[in-house]
Amino acid sequence: MDSNYFTDVYEVVKLVPKGRWASYGAIAHYLGAKGGARMVGWAMNSAHCDDSVPAHRVLNRNGELTGQHHFKPPGKMQKLLEKEGLKIVNDRVTNASESFWDPSAELM
DNA sequence: GACATGACGATTT
DNA sequence: GAAATCGCCATGT
């Protein structure tokens with residue numbers, strides 16, 4: 001529980017608006033760039049057990065569904081994103097720059 | 001305690 | 001412009 005870092009990541013991910021997506025680096029930067037994007041991904045890895053954390057809204061900086069294989073079943077991530085209004089093509093979000101959500105910019 | 005790995009990012013070649 | 005490499009730090013072995 002000392003790793004409050006994960007909790008921070010969960011909070012930010014939960015704050016991601018529906019139909020938008022945030023990048024690991026953006027969240028990491030919002031948290032103070034602690035450890036960088038990798039730690040965010042690692043936090044999600046621990047969060048995968050928590051359905052309250054819409055990890056499917058967290059993609060890499062390219063808007064690619066990098067963690068699909070970690071979902072159950074694989075592809076659920078893409079389905080959820082498409083259901084929220086995002087267009088996924090080739091495991092990648094189209095109009096990514098338009099649906100991109102930056103916590104440090106939107107939440108300030 | 002050290003080595004290897006990981007849902008990434010940025011920089012350099 | 002694309003590919004390759006290093007860096008970030010925490011977790012697992």
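Order of the sequence lines sets the chain letters (A, B, ...), proteins ahead of strands, with each chain counted from 1. Every value quoted in this text rests on a predicted model; they were computed, and no experiment measured them. Side-chain atoms are counted along with the backbone in the values below, which use heavy atoms only and exclude waters and symmetry mates.
- Listed by chain and residue number, A:Y24, A:N62, A:E64, A:T66 satisfy the side chain to side chain contact (heavy atoms under 4.5 Å, CB included) test with A:N60 (two or more places apart in sequence, or in another chain).
- C:dC9 atom P lies 18 Å from atom CG of A:N4, rounded to whole Å.
- In this structure, the CZ atom of A:R92 is 15 Å from the P atom of B:dC8, given to the nearest Å.
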Check: residues 83-91 of chain A side-chain donor-acceptor pairs under 3.5 Å, at least two apart:
unit_1	atom_1	unit_2	atom_2	d
A:E84	OE1	A:G19	N	3.2
A:E84	OE1	A:R57	NE	3.0
A:E84	OE2	A:H56	NE2	3.4
A:E84	OE2	A:R57	NE	3.3
A:E84	OE2	A:R57	NH2	2.9
A:K87	NZ	A:G85	O	3.0
A:D91	OD1	A:Q68	NE2	3.2

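- Scored by the side chain to side chain contact (heavy atoms under 4.5 Å, CB included) test, A:P17 finds A:R20, A:W101 as partners (sequence neighbours excluded).
- Under the rule for a side chain to side chain contact (heavy atoms under 4.5 Å, CB included), the partners of A:A55 that lie at least two apart in sequence or sit in another chain are A:M44, A:F71.
- The structure places CD of A:Q78 at 6.0 Å from CG of A:L65, a figure rounded to the nearest 0.5 Å.
- A:H29 places its NE2 atom 16 Å from the C1' atom of B:dC8, with the value rounded to the nearest Å.
- Regarding A:L31, its CG atom lies at a distance of 14 Å from the P atom of C:dC9, rounded to whole Å.
- Contacts of A:K14 classified as side chain to side chain contact (heavy atoms under 4.5 Å, CB included), with partners at least two apart in sequence or in another chain: A:Y10, A:E11, A:S52, A:V53, A:P54.
- Look at the P atom in both C:dT5 and B:dT5: the space between them is 16 Å, to the nearest Å.
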_Summary of protein contacts for nucleotides 2-7 of chain B, nucleotide by nucleotide, where a base hit scores B, a sugar-phosphate-only hit scores S (4.0 Å, heavy atoms)_ = ----BB
